[in-house]
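Working notes for the structure below.
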Amino acid sequence: TGSTRPQRILRAVQKNSTRGSPCSVVNAIDDYCKHKEWAMNVGDEKGIIVDDVVLELKPITVLELGTYCAYSTVRIANLLPPEAKLITLEFNAESAAIAREIITWAGLEEKIQLIIGASGDWIPRLKEEFGIETFDLVFLDHWKDRYLPDTKLLEKCGLLKPGAVLLADNVICPGTPDYLDYVRNSPRYKSKFYRSHLEYTQEEDGLEHSVFLGMAGRGAE
Ligand SMILES: O=C(NC/C=C/[C@H]1O[C@@H](n2ccc(=O)cc2)[C@H](O)[C@@H]1O)c1cc([N+](=O)[O-])cc(O)c1O
Ligand SMILES: [Mg+2]
């Protein structure tokens with residue numbers, strides 16, 4: 001019974017990063033996944049685009065769908081204003097346990113609420129159970145066939161206000177065609193594509209940045 005990939009990533013973090021230093025945690029994971037073992041983190045190349053979006057938007061409430069090993073969780077939370085909060089949903093209990101360790105190692109447990117469960121079950125409960133009004137930023141990086149249904153669910157639950165940003169990973173590889181079609185053609189969104197590469201590879205990939213304009217689709221004229 002060998003170790004799992006998330007366990008090996010945690011070990012690399014504990015070995016090659018400094019407690020309380022989110023940057024060193026991010027660098028340790030990138031080094032491990034670049035030189036030792038690929039893993040589905042958003043990675044350093046797309047990560048710079050994520051950083052720029054966060055620094056520009058200065059979101060106060062962030063939702064991440066798909067924690068995995070908390071690479072993007074730590075990367076994003078590290079750049080948030082002091083009073084900001086990030087909620088991250090993880091379906092797999094083993095990944096969540098590793099993610100929790102990495103979040104704590106990075107010293108970001110105050111900013112991050114990790115919830116174990118399915119996005120479809122939890123999104124309708126966030127207002128009630130966590131006193132969330134709306135999200136300023138949603139980072140989609142979970143199962144690719146859930147991006148579209150979860151976006152529609154966020155709309156239906158009134159969790160997006162005009163100006164909210166959806167930032168979606170992997171819109172080219174593995175690809176999220178139904179989601180892309182929706183955000184690029186719906187009057188409810190102003191969408192743009194940030195071309196990049198699949199983490200730690202030369203494969204084409206990119207992030208879709210979609211600004212919610214409101215349900216009437218009028219939003220900012
Ligand atoms: O498949 C990919 N991501 C799926 C991620 C899924 C993660 O989201 C969680 N979740 C959390 C909540 C849910 O409701 C459902 C799942 C799952 O438990 C898992 O931890 C992927 C694949 C490649 N790739 O090159 O093949 C590259 C990437 O960057 C990727 O993100
Ligand atoms: Mg991804």
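In listed order, ligands and their atoms are each counted from 1. Along the sequence shown, the residues carry numbers beginning at 1.
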- Measure the distances from the heavy atoms of Y200 to every atom of ligand 1 and state whether one is below 4.0 angstrom. no

- Taking C-beta and beyond as the side chain, do E203 and H197 meet within less than 4.5 Å on heavy atoms? no

- Message: Within 2.8 Å of the Mg ion (ligand 2), is there any N, O or S atom belonging to N170?
- Response: yes

- Hey, mind stepping through S191 and R184 against side-chain hydrogen bond (donor to acceptor under 3.5 Å, both in side chains) and telling me if it holds? CA-CA 6 Å; S191 208; R184 289 178 175 176; 5.1 Å; no

- What protein heavy atom is closest to atom 29 (O) of ligand 1, reported as residue, atom name and distance in Å? E199 OE2, 2.5 Å

- Item | Which of the ligand 1 atoms, numbered from 1, are nearer than 4.0 Å to a heavy atom of N92 | 18 (O)

- Message: So if I count the atoms of ligand 1 from 1 in the order they appear, which ones are less than 4.0 Å from some heavy atom of A118?
- Response: 14 (O)

- Side-chain heavy atoms of L114 within contact of L89, under 4.5 Å: no

- Query: What do you reckon, does D169 have a nitrogen or oxygen under 3.5 Å from a nitrogen or oxygen of ligand 1?
  - Reply: yes

- Query: Among F91, W38, Y71, Y68, which one has a heavy atom closest to atom 24 (N) of ligand 1?
  - Reply: W38

- Do C33 and N41 come within less than 4.5 Å of each other through their side chains, counting heavy atoms only? yes

- So which heavy atom in the protein is nearest atom 4 (C) of ligand 1, and how far is it from that ligand atom? H142 O, 3.5 Å

- Message: Using a 4.0 Å cut-off to any heavy atom of L198, which atoms of ligand 1 qualify?
- Response: 25 (O), 27 (C)

- Taking the side chain as every heavy atom from C-beta outward, state whether I48 and R75 have any pair of such atoms under 4.5 Å apart. yes

- Heavy-atom nearest neighbour in the protein, as seen from atom 30 (C) of ligand 1, with distance rounded to 0.1 Å: N170 OD1, 3.3 Å

- Message: For a quick check under 3.5 Å, do Y194 and D52 share a side-chain donor-acceptor pair by atom type?
- Response: no

- Message: Measuring from non-hydrogen atoms of R146 to any atom of ligand 1, is the shortest distance under 4.0 Å?
- Response: no

- Say whether E90, considering both its backbone and side-chain N or O atoms, lies within less than 3.5 Å of an N or O atom on ligand 1. yes

- Task: Decide yes or no for S196 and D205: does some side-chain heavy atom of the first lie under 4.5 Å from some side-chain heavy atom of the second?
- Result: no

- salt bridge (charged side-chain N to carboxylate O under 4.0 Å, His left out): pairs with one or both residues in residues 88-109, sequence neighbours excluded: none

- Under 30°, 30 to 60°, or over 60°: which ring-plane class applies to H142 and Y147, parallel, tilted or perpendicular? parallel

- Is the charged tip of K85 near the ring of F130: under 6.0 Å from the six-membered ring centre and within 45° of its axis? no

- Task: Please could you name the atoms of ligand 1 that L89 approaches to less than 4.0 Å, counting only its heavy atoms?
- Result: 11 (C), 12 (C)

- Message: Using the Mg ion (ligand 2) as the vertex, how large is the angle between OD1 of D141 and OD2 of D169, rounded to 10 degrees?
- Response: 90°

- How close does the nearest protein non-hydrogen atom get to atom 22 (C) of ligand 1, and which residue and atom is it? P174 CG, 3.5 Å

- Examine D141 against ligand 1 and note whether any of their N/O atoms are separated by less than 3.5 Å. yes

- When F91, Y179, Y68 are each screened for ring-ring contact (aromatic ring centres under 6.0 Å, His included) with W143, the one that passes is F91

- Message: Below the 3.5 angstrom mark, is there an N/O of K144, backbone or side chain, next to an N/O of ligand 1?
- Response: yes

- Query: In terms of residue, atom name and distance, what is the protein heavy atom nearest to atom 14 (O) of ligand 1?
  - Reply: S119 N, 2.7 Å

